[in-house]
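Scroll down for the structure; my scribbles are underneath it.
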Amino acid sequence: MIRSITKQKAFEQILDLLDGFDRIFVMGCGTCATLCRTGGAVEVAEMGAKLLENGKVVTGHMVVPVACDELSHEAIEEHKDPLDASEAILVLSCAFGVQTLARQTRLAVIPGLDTLFVGKETGLGRFDEICSQCGSCIIGETGGICPVTACHKGLLNGPCGGTNNGKCEIDSDKDCAWTLIYMRLKEQGKLDLMRKHQEPRNHNVEPRPGKTRIPLD
Amino acid sequence: MDRSFKDVLGSGKFVLTSEIGPPKGTNLDKMVHHIELLKDKVDGLNLTDHQSSVMRYPSIGAALLVKEHGGEPILQMTCRDRNRLALQADLLFAHSRGIHNVLCLTGDAVVVGDHKSAKGVFDLDSSQLLACIRTMEKGKDLGGNDLDGAVSFCAGAIVTPEANPIEPQLMKFEKKIRAGAEFIQTQAIYDLDSFKRFMEYARPFGVKILAGIILLTSWRMAEFMNKNVPGVFVPQNLIDEMKAAPKGTVIRKGIEIAARMIRQIKDESICDGVHIMAIGREELVPEIIDEAGLGNGRQIPSNTPEQRQ
């Protein structure tokens, strides 16, 4: 399942963002942020306690089941009274959740997390970025592994000189995508795919901001 | 008489190149000193392009300076900092100002350098940059539009013969040749037996290969490279040799090792030439060249029997 991977901002930065707001409602998300342990029930309670210690009034807190779902307005309505008594909502969800909630309330909505990437859960507590939604999928020629995402430089024509025993030059904990692609294609007897010259990518398949409309009956 | 780098590559002469890292700032005195020191001793001078992702005076400016001082510049161009518009524009500029040699590199990752939060571009990769040059030589840009005045370059690339696993590197090496590389500079090599095996593989491709020689300045530097520089392997016997050098003679030992390797490469015709890198110690390159017995530099060899051999 794809997950929006987050990490909590430094508490000092959160306090800076909350400067001028005294009455704070804290919201978490029951999906990805809970899984990342950045915005589940535990983290929301901890954040509330820290805000209290730092002189804020915590008007209430809750964990929205899926913060990015349009239905999260129902959760907001359920907590109408404490929210009416608040000046800002501190949201411990990814930026999809923060922006969804921001459209549904007139209160200031402050993100408590940074959204790192849309990733895949590859094990308990392990998340890897494997697709960056580039709009021109190349993995049919790269053994099902995306070099645009999994190679730090997004190279299309094989590894750079920084590849080091199958690891990436920027972090020995990260695999060299092109070593993985090489091993996969070799196993499949398809190394000729790696010999093919790949033309420069089209970076504007869907110019940012992406927007599509499906024709409906 | 001086010859172009391309002519030298085609002449069968043992090719000798070196490189200069431009300064961080506008004080060009030291770089000019190094250019003056080296320009007549080598067949081409590489100008590094924000080497190790450290922001510096631009390689294209340094290449112009080499040109102005009568040297033969080899412009290093990485794909890290410019998209395809900027790369093509710089190629137009380089050609228009008489810079005829380009070394195409992907470029180090931004995060290894001194502007860690900058955006790495990598719109093209090294193979695509080579192909781009060949397209522009036909009078077209990458958008398919006509150029009013084409470019012409002697284009090269790099290879890491000691990478592990090696096969993906070799596949990329072949791609670079197919994309138009005329010469290949290697990452630093120290194990000549291992390099000979690489050359057995590489020779049939017909591309000119210049072995990368990095001056060892201490045994610690050698161990550091073994640990931290991908694809560089300094054998233990060389580290021991550096360690055994008496205090005050360590640099001499490094020069001696470099010169010895160059002599062996030339005497055994292991490859077509060498590319000497004395990172930060450019003033020592003439000593390496002299000790290797290659003092003739860019001059066309006179037809003495001993030089015809």
Side-chain angles (χ1 to χ4, degrees), chain A residues 114 132 134 136 138 141-143 145-205 208, chain B residues 52-53 78-80 83-84 87-88 105-113 116 120-132 135 142-143 157-180 185-188 212 227-232:
Chain A
D114 284 317
S132 38
C134 74
S136 53
I138 190 182
E141 296 172 89
T142 55
I145 296 162
C146 173
V148 173
T149 309
C151 165
H152 174 71
K153 298 170 186 169
L155 302 179
L156 298 187
N157 279 299
C160 71
T163 177
N164 202 5
N165 298 312
K167 297 295 175 185
C168 177
E169 73 174 318
I170 65 152
D171 185 346
S172 59
D173 194 38
K174 293 185 176 178
D175 292 322
C176 166
W178 277 102
T179 303
L180 296 179
I181 292 168
Y182 161 71
M183 292 190 303
R184 182 79 63 84
L185 291 176
K186 190 176 183 183
E187 204 175 273
Q188 295 172 350
K190 297 275 188 197
L191 278 179
D192 273 352
L193 287 171
M194 216 170 134
R195 295 190 177 96
K196 179 180 160 194
H197 177 79
Q198 296 288 350
E199 294 294 329
R201 274 177 60 205
N202 177 1
H203 287 271
N204 281 304
V205 179
R208 188 164 279 180
Chain B
S52 304
S53 307
T78 75
C79 299
R80 178 190 53 238
N83 71 3
R84 64 192 82 170
L87 287 167
Q88 290 178 100
L105 307 119
T106 297
D108 290 324
V110 166
V111 292
V112 306
K116 293 186 187 303
V121 179
F122 303 111
D123 184 27
L124 303 185
D125 61 34
S126 49
S127 306
Q128 291 163 345
L129 180 56
L130 285 159
C132 168
T135 300
L142 284 187
I158 62 161
V159 70
T160 306
E162 297 269 13
N164 178 35
I166 186 65
E167 200 179 358
Q169 288 293 324
L170 301 183
M171 289 163 86
K172 189 154 189 186
F173 166 80
E174 292 175 31
K175 263 190 185 182
K176 287 174 176 178
I177 294 169
R178 284 199 300 272
Q185 294 176 189
T186 78
Q187 173 58 287
K227 205 168 159 214
N228 297 296
V229 183
V232 173

Heavy-atom distance under 4.5 Å to chain B: side chain of [X], backbone, both or neither?
| X | result |
| --- | --- |
| Thr163(A) | both |
| His152(A) | side chain |
| Lys167(A) | neither |
| Leu191(A) | both |

Let me know if [X] has heavy atoms under 4.5 Å from chain A in its side chain, its backbone, both or neither.
| X | value |
| --- | --- |
| Asp108(B) | both |
| Gln128(B) | both |
| Thr106(B) | side chain |
| Ala163(B) | neither |
| Asp123(B) | both |

Under a 4.5 Å cutoff for heavy-atom pairs, which residue among [options] has the most contacts with chain B?
| options | answer |
| --- | --- |
| Cys168(A), Gly166(A), Cys160(A) | Cys160(A) |
| Gly158(A), Gly162(A), Pro159(A) | Pro159(A) |
| Ile181(A), Asn165(A), Thr179(A), Asp171(A) | Asn165(A) |
| Met194(A), Glu199(A), Met183(A), Lys186(A) | Met194(A) |

Do you know which two heavy atoms are closest between [X] and [Y], and how far apart they sit?
| X | Y | answer |
| --- | --- | --- |
| Leu156(A) | Asp125(B) | N-OD2, 3.6 Å |
| Arg84(B) | His203(A) | NH2-CD2, 3.6 Å |
| Met171(B) | Tyr182(A) | SD-CD1, 4.3 Å |

Run the side chain to side chain contact (heavy atoms under 4.5 Å, CB included) test on Lys172(B) and Leu155(A) for me, step by step, so that the C-alpha distance in whole Å, both residues' side-chain angles and the decisive distance to 0.1 Å come before the verdict.
CA-CA 11 Å; Lys172(B) 189 154 189 186; Leu155(A) 302 179; 4.1 Å; yes
With a 4.5 Å limit on heavy-atom distance, are the side chains of Asn157(A) and Lys176(B) in contact?
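Answer no - side chains too far apart.
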Is atom NZ of Lys227(B) surrounded by more than 12 heavy atoms (other residues, nucleotides or ligands) closer than 6.0 Å?
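Count not over threshold, so no.
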For Asn228(B), I'd like to know if atom CG has over 12 heavy atoms of other residues, nucleotides or ligands within 6.0 Å.
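Correct, the count exceeds 12.
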How many angstroms lie between atom CZ of Arg195(A) and atom CD of Glu174(B), to the nearest 0.5 angstrom?
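Here the interatomic distance stands at 6.5 Å.
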